[in-house]
Asker: 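Before we start, here is the structure in question, set down as structure tokens.
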Amino acid sequence: MGPAFAKSTQAGWHNDSIYFPGPLQGHQEPVDATLAESPQSALSGVARMLVHAGKLTTKAAEDLVKQAREKKTSFVNVLIASGQVAPKDLAHTLSSALALPLLDLEAMDPQRLPTGVIDGKLAQQYQVVALARRGSRLFIGGADPTDLEVIERIKFATQLQPEWVIVEHDKLAKMLANAGANATETLESIAGGDFDFDIAEDDATPQEDSADASDVEDAPVVRFLQKMLVDAINLRASDLHFEPYEFHYRVRFRVDGELREITQPPIAIKDKLSSRIKVISRLDIAERRVPQDGRMKLKFGSKSIDFRVSTLPTLFGEKIVIRILDSSSAKLGIEALGYEKIERDRLIQAIHRPYGMVLVTGPTGSGKTVSLYTCLNILNQPGVNISTVEDPAEINLPGINQVNVNDKAGLNFAAALKSFLRQDPDIIMVGEIRDLETADIAIKAAQTGHMVMSTLHTNDAPKTLTRLINMGVAPFNIASSVLLITAQRLVRRLCEHCKTPAEYPREAMLKAGYVEEDFDGSWKPYRAVGCSNCTNGYRGRVGLYQVMPITEEIQRIILAEGTAMDIAVQAQKDGVRDLRQSGLVKVKAGVTTLEEVLSATNE
């Protein structure tokens, strides 16, 4: 009997509280997987069926079986990775050969699948998913129904009789990744008490009114927030957005710089969720008219993760953004950030100078803080006194004296800098230069024997110098103190598993910034495809950098009050790549796509 796909638009199965969206058309009693094996053949199981169906040659199948044994993995994993048989063809072939039903996982609603039936580790190890339960029968989706070990393990673990449903390998892997099979195990540890919030201490303890106090302990709200945080960490998200609207409420994660809608919980949850987040962030839960900022810490046994919380009153409730502060990113090393060798050498040479100022510029979310902390980590030695002032301190590094701005108490950037100069510092890091007072003190510190690092919000390195002049800093102070300026952007990094060579029209590449000499045939651009290991063809991010040392020629332009354009022209003569040129280098190296670079540097 030929394969058929179950669609969620068809009538569903019901079994008490278990819902299975759609009938398994063409379903017969599953054939015993041992019938797939043939003693007359050197191959068995899936390999033999593919050879019989004409999808593989005997030689190719034998080679793949050998690779699977050497790598100690399943034949199906090696087969799909080789690209010799598409996941869809494999599923159809097995469904026809074994008379097993075939299911399209994209037609399923993952939220309606039974949870907790199969242990998360087991599901990940054997690449299976529980689809439905009918009495003592458990329907499981998988790509390799000849794996008898899976049946025995699941049967023992669940005390149910497993029955195979064929699903496509790539869609199954994507579902397991998106659903966060590992999160199930983590959430179970939450219930067991291994998961806890470490509430930050504050001098001012906000008063809770009686109505809100009862809301914040609402068990479903607590579990929902915990699950969202765990899922965000598993998906490598940088931010969580909780957004109320007039008729719906949504949660979005920023993964690799791109916002993705995760779920739409009931709108009635918005006030209780807001109150819960405020309590554990030590904010005033009675105040809903003004923005608030706070922090919270999540503890997993001995490991802890910091979060920065920001609330904003909107028309239909408070929007809350939670940023995940990953201290490990500052310890990866400067090589992991994406600097080219010449850019890395210029930066390291500048930060090892005994005094002067190094500035990092770029929009919010471009990785400025990580770049600065990576530099501080390089300089962090027992014989060096390092002090930082931030709003707030995002990354905790042992051996560095970190200060949080507290405007209510009168502790701003300028006040902290003045105090630092009486603390015998060697290196000072200022989170951001926002005003003339902070800029003046920072420059004086750089002129009196201290290495000062800071950030500004400008579009590129040359405009940073004119921005300081516009703030009121004297040109001769800028020319004598600033050593180097780095402008940066983040672009998505191509997935190494699925990136594919691309063909672009020569005119488009010339317009993007390439020159005729670049088309020498030694490289090729790549495009994003998408697979189970990534998100739409991308995994992670990499930086584009414009690293501009302040040479004597640029100092003369500053003293003559030249424009940012004059500085940019001189920087090009000095061999400084702008952000677009830096991105084109990454495209040539196959690190990212031309589309990503054009999007990030379209100015």
Asker: Between K444 and D440, is a salt bridge (charged side-chain N to carboxylate O under 4.0 Å, His left out) present by the stated rule, with each step listed?
Answerer: CA-CA 6 Å; K444 288 175 183 175; D440 274 339; 5.7 Å; no
Asker: Might you point out which heavy atoms bring L594 and A512 nearest each other, and give the distance in Å?
Answerer: CD1-CB, 4.0 Å
Asker: About how many Å separate OG of S310 and CD of E318, when rounded to the nearest 0.5 Å?
Answerer: 10.0 Å
Asker: Can you tell me if D426 uses its side chain to pair, donor with acceptor, with the backbone of V384 under 3.5 Å?
Answerer: no
Asker: Hey, does N401 have a side-chain heavy atom less than 4.5 Å from the side chain of N385?
Answerer: yes
Asker: L559 versus F476: any side-chain heavy-atom pair under 4.5 Å?
Answerer: yes
Asker: With heavy-atom distances below 4.5 Å as the criterion, would you say the side chains of E343 and R577 are in contact?
Answerer: yes
Asker: Is a side-chain donor or acceptor of E390 paired with a backbone partner of Q402 at a separation under 3.5 angstrom?
Answerer: no
Asker: Quick check: do I441 and L421 have side-chain heavy atoms less than 4.5 Å from each other?
Answerer: yes
Asker: Given 3.5 Å as the limit, does a donor-acceptor pair link the side chain of E261 with the main chain of R250, or not?
Answerer: no
Asker: Where do G362 and K368 come nearest, in terms of heavy atoms and distance?
Answerer: O-NZ, 3.1 Å
Asker: Heavy-atom count check: over 12 atoms from other residues, nucleotides or ligands less than 6.0 Å from H497 NE2?
Answerer: no
Asker: Can you tell which of T361, D460, T486, T601 makes a side-chain contact (heavy atoms from CB on, under 4.5 Å) with Q546?
Answerer: D460
Asker: With sequence neighbours excluded, tell me which residues meet side chain to side chain donor-acceptor pair (under 3.5 Å) with T500.
Answerer: none
Asker: Between Q423 and S387, does any side-chain donor sit less than 3.5 Å from a side-chain acceptor?
Answerer: no
Asker: Salt bridge or not for K341 and D345, using N-O below 4.0 Å?
Answerer: yes
Asker: Please check this pair: side chain of D566 against backbone of T563, looking for a donor-acceptor N/O pair closer than 3.5 Å.
Answerer: yes
Asker: Set out, in order, the CA-CA distance, both residues' side-chain angles and the distance that settles side chain to side chain contact (heavy atoms under 4.5 Å, CB included) for T592 and V587, then state yes or no.
Answerer: CA-CA 5 Å; T592 189; V587 174; 4.2 Å; yes
Asker: Ignoring hydrogens and geometry, is there a side-chain-to-backbone donor-acceptor pair from T455 to G431 under 3.5 Å?
Answerer: yes
Asker: Looking at every heavy atom in both A528 and T593, which two are closest together, and how far apart are they?
Answerer: N-CG2, 3.9 Å
Asker: Hey, what do you get for NZ (K573) to OG1 (T551), rounding to the nearest 0.5 Å?
Answerer: 11.0 Å
Asker: For a quick test of reading the model, state the closest non-hydrogen atom pair linking L312 to P291 and the distance between them.
Answerer: CD1-CG, 4.0 Å
Asker: Checking N412 against D391: is there a side-chain donor and acceptor pair closer than 3.5 Å?
Answerer: no
Asker: Taking N470 for the side chain and T466 for the main chain, is one N or O donor matched with an acceptor at less than 3.5 Å?
Answerer: yes
Asker: Under 3.5 Å, is there a donor-acceptor pair between the D271 and S274 side chains?
Answerer: no
Asker: Going by heavy atoms in the side chains, are D239 and R323 under 4.5 Å from each other?
Answerer: yes
Asker: Before giving the answer on salt bridge (charged side-chain N to carboxylate O under 4.0 Å, His left out), spell out for K278 and E287 the whole-Å C-alpha distance, their side-chain angles and the decisive distance to 0.1 Å.
Answerer: CA-CA 10 Å; K278 284 180 172 181; E287 180 57 77; over 6 Å; no
Asker: Determine, step by step, whether F519 and L510 satisfy the side chain to side chain contact (heavy atoms under 4.5 Å, CB included) criterion, reporting the C-alpha distance in whole Å, the side-chain angles of both residues, the deciding distance to 0.1 Å, and the verdict.
Answerer: CA-CA 10 Å; F519 303 105; L510 289 171; 3.6 Å; yes
Asker: Closest approach of I324 and A237, non-hydrogen atoms and distance?
Answerer: CD1-O, 3.3 Å
Asker: Can Q447 and S480 be counted as having a side-chain donor-acceptor contact under 3.5 angstrom?
Answerer: yes
Asker: Quick one: CZ on F242 to CG on L225, what's the gap to the nearest 0.5 Å?
Answerer: 5.5 Å
Asker: Return yes if some donor-acceptor pair links the side-chain N/O of N536 with the main-chain N/O of V529 below 3.5 Å, else return no.
Answerer: no
Asker: With E596 as reference, evaluate R492, R527, R580 under the salt bridge (Lys or Arg N to Asp or Glu O under 4.0 Å) test and give the passing residue.
Answerer: R492
Asker: Are P501 and P525 side-chain neighbours, meaning at least one heavy-atom pair lies under 4.5 Å?
Answerer: no
Asker: For D435 and T438, test the side chains for any donor-to-acceptor distance below 3.5 angstrom and give the result as yes or no.
Answerer: yes
Asker: By the definition salt bridge (Lys or Arg N to Asp or Glu O under 4.0 Å), identify the one residue from R541, R493, R236, R539 that meets it with D256.
Answerer: R236
Asker: Just checking, any donor-acceptor pair under 3.5 angstrom between side chains of D574 and Q570?
Answerer: yes
Asker: Do S599 side-chain atoms and E595 backbone N/O form a donor-acceptor pair below 3.5 Å?
Answerer: no
Asker: As a quick check of understanding, evaluate side chain to side chain contact (heavy atoms under 4.5 Å, CB included) for N377 and L397, giving each step before the final call.
Answerer: CA-CA 8 Å; N377 203 38; L397 278 183; 4.1 Å; yes
Asker: Counting heavy atoms not belonging to K588, are there more than 12 under 6.0 Å from its NZ?
Answerer: yes
Asker: I'd like to check V491 versus K586 (side-chain heavy atoms, cut-off strictly below 4.5 Å). Are they in contact?
Answerer: no
Asker: Got more than 12 heavy atoms from elsewhere within 6.0 Å of OH, Y355?
Answerer: no
Asker: Does any N or O in the side chain of K499 come within less than 3.5 Å of the main-chain N or O of G590, such that one atom is a donor and the other an acceptor?
Answerer: yes
Asker: Consider side-chain contact (heavy atoms from CB on, under 4.5 Å). Of I550, L347, I351, V360, which one does L484 pass it with?
Answerer: L347
Asker: Could you give the distance from OG1 (T464) to CG (L359), rounded to the nearest 0.5 Å?
Answerer: 7.0 Å
Asker: Measure the shortest side-chain to side-chain distance between L337 and T374 over non-hydrogen atoms and say whether it is less than 4.5 angstrom.
Answerer: yes
Asker: For the pair Y339 and Y545, name the ring-plane relationship: parallel under 30°, tilted 30 to 60°, perpendicular over 60°.
Answerer: parallel
Asker: Kindly say whether V430 contributes a backbone atom to a donor-acceptor pair with the side chain of S454 at under 3.5 angstrom?
Answerer: yes
Asker: Taking all atoms of both residues into account, what is the closest heavy-atom pair of C534 and G530, and its distance?
Answerer: SG-CA, 3.8 Å
Asker: Can you tell me how far apart CE (M453) and CG (L483) are? Round to the nearest 0.5 Å.
Answerer: 10.0 Å
Asker: Nearest 0.5 Å please: distance from the CD atom of Q488 over to the CD1 atom of I485.
Answerer: 13.0 Å
Asker: Using side chain to side chain contact (heavy atoms under 4.5 Å, CB included), reason through L376 and I400 one step at a time and then give a plain yes or no.
Answerer: CA-CA 9 Å; L376 291 180; I400 294 178; 3.9 Å; yes
